[in-house]
Amino acid sequence: MNIAKVIVDVPASSINQTFDYKIPEQFQDILKVGMRVIVPFGPRKIMGFVVGRTGESSFDKLKNISDVLDLTPVLTDELIGLGKWLANQTLSLYITAFQAMLPQVMKAQYKKELERVTDGPLSDELESFFAGRDFVAYEELTGSAVSYSQIQKAVQDGDVVVNYLVKSKITKKHVTTIAPNHEPHLLEEAIQDLSKNARKQKELLAFFIDNQQEIEQSVLTKKFNTTSSTVKTLLDKELLKSNRKEIYRNPYDDKSFEQTTALTLTEQQQETIVPIQEHIRDEKHDVFLIHGVTGSGKTEIYLQAIQDVIEKGQEAIVLVPEISLTPQMVKRFKGRFGSNVAVLHSALSNGEKYDEWRRIHRKEVQVVVGARSAIFAPFENLGILIIDEEHENSYKQEDQPRYHARDVAIFRGENHRCPVILGSATPTLESFARAQKGVYKLATLSKRTNEKEMPKVNIVDMRNELHEGNRSMFSRSLKENIEQRIQRGEQIVLLLNRRGYSTFVMCRDCGHVNECPHCDIALTYHKNSSQLKCHYCSYEESMPTNCPSCKSDLIRFFGTGTQRIEESLTQLIPEARIVRMDVDTTRRKGSHEKILNQFADKEADILLGTQMIAKGLDFENVTLVGVLTADSMLHLPDFRSSEKTFQLLTQVSGRAGRHDLPGEVIIQTYTPEHYSIELASNYDFMQFYKNEMSTRKTFQYPPYVFLTLITVSHQNHVTVVQTAQRIAQLLLNNISNEETVVLGPTPSPIARMKDRYRYQCMIKYKNEPNLRTLIRKIIRQFDDEVRKNDLLITVDMQPYQLM
DNA sequence: AGCACGCCGACT
DNA sequence: GTCGGCGTGCTC
């Protein structure tokens with residue numbers, strides 16, 4: 001068993017296989033499957049994952065493994081299997097799948113350097129290049145007087161060698177602690193011996209006479225209002241000793257969480273949790289879909305189920321959408337399970353993510369709460385997997401590997417023979433249909449735990465407002481209601497549903513719209529920088545004063561951003577104190593929480609924001625929720641637009657009147673008759689489900705069919721069209737089921753992005769067991785063009801974003 | 001991917 | 001001759 005099978009860090013389809021390496025003597029005992037290694041690959045050195053050990057290889061001249069990067073495996077056997085499955089499911093590369101399961105910092109970085117290995121004289125150019133140094137970064141070659149062929153020759157002559165370095169991005173945080181180095185009475189003597197001026201030194205020593213324990217250096221210096229130089233002097237005199245040790249960065253360190261205990265469950269909650277607890281006890285896998293209205297106490301069910309899992313000595317994964325948005329959620333988990341919880345979300349720094357990951361890896365926690373990628377937490381004894389707000393599309397990764405966390409959860413649930421819980425007030429049609437068919441077990445929580453009614457929803461037809469001369473974004477009813485709440489000292493949440501809209505710039509004379517020169521999309525106006533920016537590439541230009549086309553100065557921006565709304569709201573209701581929450585105001589780390597805390601402390605009357613305020617917020621003083629434009633995303637070219645609208649409206653409505661005060665919701669729309677708006681206002685999920693299912697059936701969309709999206713992109717328009725056509729033809733010729741439909745090629749909704757044209761083919765199918773194999777075969781035929789010609793073909797086996 | 005090797009036209 | 005550009009094939 002002295003041969004390792006390695007998946008190497010080369011993202012190319014021709015390398016998507018294991019490579020065999022000999023395990024040298026010194027690594028025989030320590031090298032385990034699942035560790036990262038450094039291996040020679042051609043002339044260079046690269047990182048790889050050991051996915052197996054064997055005794056023999058079909059390859060005869062094996063190279064040695066150069067180095068081992070880990071002390072313990074970073075991938076468990078289960079995760080290796082999961083990675084293989086994931087790569088096959090999503091048509092990705094093994095290496096891409098493995099990297100996706102680990103924190104960013106574990107990805108290797110590569111560097112090259114030139115080393116001078118001769119003392120003898122080199123050519124003049126080389127002498128000045130090395131300038132007395134033995135090692136020079138390879139990049140310095142560009143811009144220097146040394147040509148590549150000169151280096152080549154020097155390497156051949158043995159004067160210079162190229163070193164291939166594998167660098168780790170991992171940084172560990174350390175802390176230095178200080179402790180006394182002698183018995184108290186010896187310190188006492190030392191104080192006597194110190195010079196009269198050494199006041200700080202004496203203070204420090206005196207402190208350690210009473211206090212034998214080690215103390216963090218930074219704490220010590222702060223306490224005595226001194227610096228490290230004083231400490232250093234005492235260390236040099238060997239009166240104190242220091243110890244440098246590694247610590248975890250703890251993003252939640254400074255917050256104390258009030259400990260909570262299990263709440264008494266309502267009858268409905270009890271009925272829901274019992275079968276889950278049975279599955280935990282019997283180690284049985286099943287998927288449970290909890291359909292529970294907002295405020296029905298889903299989280300308490302999660303908490304108590306996890307409690308059972310912990311008591312059994314097992315582990316739990318909880319996924320929540322973009323956790324940074326819901327500090328309240330973290331609080332609930334930390335409050336119940338304290339330091340037994342690791343938190344993984346996108347707002348953490350890479351170092352923090354790595355430290356949280358290591359706490360899981362070292363089995364220091366039993367619970368992880370996190371965003372999508374937390375589903376890969378390296379637990380080995382899982383007892384439950386929970387996906388809260390199951391309908392959120394942030395659970396789908398939109399780059400390779402294009403996986404859905406729900407599928408990964410179910411795969412792991414089967415592996416570990418444990419239940420998977422999906423929870424939502426507005427489940428996806430896919431999940432609900434499965435629950436209806438009995439594939440998932442359905443539990444319904446129709447009552448709120450506080451027995452309160454859902455807030456009343458009023459729909460305002462904005463067309464009437466317009467007819468009666470109100471051209472503002474605020475209906476009279478909304479304005480009056482806002483004023484009334486402010487008077488009563490209550491708070492308001494306003495949602496600007498901006499998807500599909502943006503502030504673009506148009507010339508009023510000739511109709512010219514400023515577009516991105518690299519993408520087929522209008523530029524978005526950003527007021528604070530007075531710049532026009534492209535949201536798809538990083539292009540930006542300053543706001544022109546004249547129309548670039550007809551030179552007219554009547555150029556104006558259109559559309560509605562939160563900034564505009566805030567301005568007109570201030571005009572309309574001058575006494576209103578407004579906080580704004582959108583991508584612009586939350587870019588900085590922690591700004592999220594700051595804004596929310598500000599609102600919670602009643603420093604503002606109105607919280608105005610985009611989508612991100614719809615989820616999970618819970619403020620007791622909010623009695624009015626207003627939706628400014630309910631239909632703005634109803635007309636997007638996306639078959640899920642009705643579903644998304646229904647979900648958003650239902651969710652945001654749940655933000656009002658969660659506590660003692662009764663809540664009210666005002667939805668402004670230009671299409672009040674649309675079923676997703678009407679049914680959301682009645683909280684009628686079942687009727688919505690029925691309506692939407694019949695639409696999906698008529699137009700043959702999921703869950704009635706599966707979709708696969710193939711996108712082709714290239715700088716040359718003709719190449720793209722031709723390639724996409726050839727792909728479509730190949731698909732048509734080889735599909736096995738006559739019910740399968742191949743649509744396209746058609747231009748992607750954004751037909752050009754970053755100077756590349758984009759065309760897509762959509763496959764709709766019910767039963768096409770060999771589709772993955774077929775697509776893989778087709779793509780292989782284009783391998784050459786992909787490599788040589790900068791052609792790009794991407795496949796999404798389960799597209800959510802049809803862009 | 002990224003590197004060497006080999007072939008080719010261009011230039012001091 | 002020597003240099004750099006680009007196509008080709010290989011990496012345990």
Side-chain angles (χ1 to χ4, degrees), chain A residues 1-24 27-28 31 33 35-69 80 87 91-100 107-115 122-126 129 137-139 141-158 160-167 169 399-401 715 779-794:
Chain A
M1 301 292 271
N2 59 346
I3 290 167
K5 298 207 158 286
V6 179
I7 293 289
V8 293
D9 182 15
V10 177
S13 55
S14 53
I15 310 297
N16 195 31
Q17 53 171 66
T18 58
F19 285 79
D20 295 347
Y21 287 89
K22 269 201 304 242
I23 304 169
F27 298 138
Q28 290 275 349
L31 184 67
V33 170
M35 287 183 178
R36 295 172 305 151
V37 288
I38 294 172
V39 291
F41 197 68
R44 56 205 172 114
K45 282 204 165 92
I46 56 174
M47 196 274 291
F49 291 97
V50 177
V51 295
R53 281 185 75 154
T54 82
E56 53 189 62
S57 170
S58 54
F59 211 83
D60 50 358
K61 33 186 195 291
L62 297 184
K63 291 186 182 173
N64 272 329
I65 283 181
S66 317
D67 210 346
V68 178
L69 286 174
I80 291 172
L91 298 181
S92 313
L93 306 169
Y94 295 122
I95 187 70
T96 320
F98 289 141
Q99 311 254 45
K107 257 179 100 169
Q109 280 184 324
Y110 301 102
K111 274 224 142 136
K112 277 196 294 182
E113 65 179 19
L114 294 168
E115 182 183 3
L122 300 170
S123 70
D124 289 354
E125 289 97 339
L126 279 171
F129 176 72
Y138 195 83
E139 293 83 67
L141 269 182
T142 34
S144 77
V146 183
S147 69
Y148 283 87
S149 38
Q150 258 179 87
I151 285 292
Q152 234 168 28
K153 192 169 284 164
V155 169
Q156 264 164 27
D157 295 347
V160 172
V161 293
V162 185
N163 292 328
Y164 295 87
L165 309 176
V166 181
K167 284 188 55 170
K169 270 185 279 191
D399 44 38
Q400 296 247 333
Q715 300 91 303
I779 288 180
R780 208 168 304 138
Q781 294 186 28
F782 291 88
D783 251 12
D784 258 19
E785 279 177 77
V786 168
R787 255 181 70 86
K788 282 187 226 154
N789 207 0
D790 199 22
L791 186 73
L792 213 68
I793 304 175
T794 55

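As a basis for the values below, the full set of heavy atoms in this structure was taken, side chains included, without hydrogen atoms, waters or symmetry mates. Numbers restart at 1 for each chain; the letters A, B, ... are given by sequence-line order, proteins then strands.
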Original post:
Base, sugar-phosphate alone, or nothing: which one does A/Y164 contact when heavy atoms must sit under 4.0 Å apart?
Top reply: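 Contact class for A/Y164: sugar-phosphate only.
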
Original post:
If you look at every strand shown and take non-hydrogen atoms under 4.0 Å, does A/F41 touch a base, only sugar-phosphate, or nothing?
Top reply: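 Base, at least one base heavy atom under 4.0 Å.
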
Can you tell me the distance, in whole Å, between the [atom1] atom of [X] and the [atom2] atom of [N]?
X      : N     : atom1 : atom2 : result
A/K153 : B/dA4 : NZ    : P     : 16 Å
A/Y148 : C/dC6 : OH    : P     : 14 Å
A/Q150 : C/dG1 : CD    : P     : 19 Å

Original post:
Does A/R787 make a side-chain donor-acceptor contact with the base of B/dG2, cut-off 3.5 Å?
Top reply: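 Yes.
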
Original post:
Is any side-chain nitrogen or oxygen of A/K788 closer than 4.0 Å to OP1 or OP2 of C/dT8?
Top reply: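 Looking at the OP1 and OP2 atoms of C/dT8, one of them is under 4.0 Å from a side-chain N or O of A/K788.
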
Subject >> Heavy-atom donor-acceptor pair, A/R53 side chain to A/M1 backbone, under 3.5 Å >> reply: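 Side chain of A/R53 to backbone of A/M1, a donor-acceptor pair under 3.5 Å: yes, one is there.
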
Original post:
Is there a residue in residues 44-60 of chain A whose heavy atoms reach under 4.0 Å of DNA chain C, and which residues are they?
Top reply: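 Those residues whose heavy atoms fall under 4.0 Å from DNA chain C, taken from residues 44-60 of chain A in numerical order, are A/F59.
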
Subject >> Within residues 7-18 of chain A, residues whose heavy atoms come under 4.0 Å of DNA chain C >> reply: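 When residues 7-18 of chain A is checked for heavy atoms under 4.0 Å from DNA chain C, the hits, listed by number, are A/S14, A/I15, A/Q17.
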
**OP:** Answer yes if the side chains of A/N163 and A/Y138 hold a donor-acceptor pair under 3.5 Å, and no otherwise.
**Re:**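 No.
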
Original post:
Among all residues two or more places apart in sequence or in another chain, which pass the side chain to side chain donor-acceptor pair (under 3.5 Å) test with A/E139?
Top reply: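 Once residues adjacent in sequence are excluded, A/E139 has no partner under the side chain to side chain donor-acceptor pair (under 3.5 Å) criterion.
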
